Amino acid sequence: MTTAAALAPLERDLATTGNRAWRRFRRHRLALFGIVAIVLMVLASIVGPWLIPFDQLKIDIRHRFAPPPWGGHLFGTDQLGRDLLVRLLMAGRISLAIGFLAMIVSTAFGTLVGITAGYYGGAIRIVLMRFVDAMLCFPSIFLLLILAAFIQPSVTTITLIIAATSWMEVARVVEAQVRSLRERDFILAAEMIGAPGRYVMFRELLPNAIGPIVVAATLTVARAVLMEAYVSFLGYGIQAPMASWGNMLNNAQQYLGSAPWLAIFPGLMITLSVASFNFVGDGLRDALDARFDVK
Amino acid sequence: MTATAAIAAPVPESPLIEVRELRQWFPVGGGLLRRGDVVRAVDDVSFSIAKGEVLGLVGESGSGKSTLGRAILRMSTPTSGQILFEGRDVTKLGRRALRPLRPRMQFIFQDPFASLNPRMTVRQIVGAPLLIQRPELDGAARDARIGEVLRTVGLSLHYAGRYPHEFSGGQRQRIGIARALILEPAFLVADEPVSALDVSIQAQIVNLLIDIRKELGVAMLFISHDLAVVGHLCDRVAVMYLGRIVEIAPTRALFRRPRHPYTEALFSAVPVPDPTIRRERIILKGDIPSPLAPPSGCAFRGRCRYALPECASAVPPLRQVDGGHWTRCIRDDLKLGRSL
């Protein structure tokens with residue numbers, strides 16, 4: 001038997017797997033909308049403030065409560081005459097950065113906990129996963145508020161606090177995935193060559209759990225943005241004069257009747273970003289679900 | 001009786017691997033307060049394999065073949081008994097202590113679809129043993145060795161960048177064999193390596209294994225339920241039934257004259273590709289008994305057409321009937337045949 005005969009032309013390649021996922025994702029209209037909205041928001045937050053001829057901290061008492069779109073203030077001004085659009089975009093930098101950073105920290109930590117629990121099993125699994133259950137039982141908003149009340153609020157601390165209350169979902173997803181992969185033959189094969197635990201965990205198991213991790217991570221961004229808004233709205237989060245969507249809402253509530261745009265625009269931004277990340281998460285879940293793959 | 005079985009096991013000179021009274025029991029059911037039952041998947045198994053020898057292990061589904069193969073390579077921890085590998089007791093060694101021994105003993109999996117990581121390329125899969133066991137090798141040396149072993153199994157380095165799903169079942173099995181061979185093991189356990197493949201591919205893989213044993217002189221435990229394949233490849237054959245070896249003999253002796261009724265029944269189940277031949281087929285009644293509650297005495301007696309009342313009294317010991325030919329049947333008067 002010759003090698004050439006044994007290796008008939010191979011039509012399929014890895015690209016097809018990716019293509020198939022992308023095709024499924026594309027069919028998900030809301031997820032596409034979400035991606036576009038997220039990209040626009042991120043770009044606008046990064047570039048936008050340079051393009052607008054107002055400083056976010058520039059107080060202009062003569063033009064307080066200017067309704068949009070008054071004299072170049074496209075979204076109006078607030079009670080100190082500051083341009084709302086610039087503040088909204090600067091707040092976007094903070095809120096989205098906290099969302100992404102909290103996602104990275106909590107996904108990394110949750111993955112580590114989940115993969116350790118799933119791989120080692122036994123007592124280690126019981127201890128780790130019961131800890132996850134305990135954390136989930138605790139109303140995370142209160143935990144967030146208590147922690148925020150004790151710790152000096154800054155972007156870093158708020159990010160870490162949010163991450164500390166949102167890694168459990170990832171841990172659960174990864175643990176379940178790893179536990180189901182654990183007994184597969186290819187993991188046994190790795191054990192048979194004497195592979196150390198960290199090799200099996202990070203080289204063999206982790207790449208096979210990437211799909212669920214990405215989905216959980218996307219949904220975590222939405223959750224983190226919402227939590228930052230929540231904490232900041234209650235005054236424990238990002239402090240003035242720095243803007244975040246949450247503390248802009250907090251600020252707006254006094255003027256809800258007279259200057260409703262102060263509340264409407266930050267509220268829309270929060271809704272848009274949270275909804276977009278959720279849509280993308282749903283789309284990814286459908287696209288990466290191997291059950292739809294024709295084997 | 002167990003003591004005699006240990007001594008009774010045929011021992012060729014300087015065995016590479018020696019198994020003594022091996023038991024692998026699994027607890028089932030049971031809770032915090034209640035004691036559960038025990039499945040005796042492997043019960044009192046003794047045998048040895050010489051350097052370069054190929055021992056076939058046959059038996060129907062559920063007879064404990066795979067469990068035995070996995071226990072010998074210490075993928076599980078045996079309940080009791082001893083496994084000596086190159087004279088060293090490996091029965092109770094931990095993961096770390098086993099690591100330096102792993103290159104010497106390797107496993108070929110039954111299912112070539114489940115045994116290759118779908119997210120790794122062929123280069124990564126086949127090269128992983130080198131990465132772990134020979135970290136001193138650089139990328140070029142590793143690639144050279146990967147190419148060499150891929151050629152041995154009839155593939156080439158050309159395909160090293162591809163993923164498992166791009167290959168057919170037979171090709172995947174070759175990749176699995178390449179991974180097992182790359183560290184040049186002295187002993188291989190092949191767990192039904194061809195039963196998941198198309199019939200047309202099976203012969204190719206069996207021939208590949210024959211070539212490998214010729215070229216590399218590797219000893220093998222070849223697990224199969226196909227006597228024809230075993231007869232083709234193996235020096236000796238052990239027949240397993242309900243966790244025990246019921247007959248073990250050199251292949252020719254076993255094929256010439258089986259000495260256990262179960263072996264005879266297995267032979268009669270092998271299809272003969274000639275419709276003009278009329279032969280008596282022994283249809284076994286019922287299923288293999290539950291290993292939770294094995295029958296008293298000979299486990300096979302309920303399905304055996306030669307059973308006597310004495311068969312129920314005690315588990316028959318392995319007794320020698322010929323040079324190197326051992327059986328667990330108490331009847332010496334049987335003229336068993338085979339129609340292969």
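Since the structure is predicted, the reported quantities are computational estimates derived from the model, not experimental observations. Within every chain, numbering begins at 1; the chains are lettered A, B, ... in the order of the sequence lines, protein sequences first and strands thereafter.
- Interface residue B:Q133: only side-chain heavy atoms are found under 4.5 Å from chain A.
- A distance of 9.0 Å separates CE of A:M192 from CG of B:L98, quoted to the nearest 0.5 Å.
- In this structure, chain A has no heavy atom under 4.5 Å from any part of B:R74.
- At a threshold of 4.5 Å between non-hydrogen side-chain atoms, the residues A:F186 and B:P118 count as touching.
- Side chains of B:F109 and A:L188 form a contact here, defined as non-hydrogen atoms less than 4.5 Å apart.
- Within 6.0 Å of CZ on A:F131 lie no more than 12 heavy atoms contributed by other residues, nucleotides or ligands.
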For this session: Could you please spell out the steps behind the side chain to side chain contact (heavy atoms under 4.5 Å, CB included) verdict for A:E204 and B:R119?
Result: CA-CA 8 Å; A:E204 302 268 354; B:R119 304 276 171 167; over 6 Å; no

For this session: Dump the intermediate steps for salt bridge (Lys or Arg N to Asp or Glu O under 4.0 Å) on B:R70 and A:D185, then the final yes or no.
Result: CA-CA 12 Å; B:R70 287 173 184 229; A:D185 276 352; 3.8 Å; yes

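- Applying the side-chain contact (heavy atoms from CB on, under 4.5 Å) test between A:I193 and each of B:R99, B:Q106, B:R102 identifies B:Q106 as the sole match.
- Residue with the most contacts toward chain A among B:Q110, B:R95, B:M75: B:R95 (heavy-atom pairs, distance under 4.5 Å).
- Counting heavy atoms from C-beta on, the side chains of A:R203 and B:L131 come closer than 4.5 Å.
- If you measure heavy-atom distances from B:R151 to chain A, you find no contacts under 4.5 Å at all.
- Taking every heavy atom of both residues into account, B:S115 and A:A189 meet most closely at O-CB, 4.3 Å.
- Both the backbone and the side chain of B:P129 come within contact range of chain A, each with at least one heavy atom under 4.5 Å from a heavy atom of that chain.
- Contact record, A:G194 with B:I132: O-CG2, 3.7 Å, taken as the closest heavy-atom pair.
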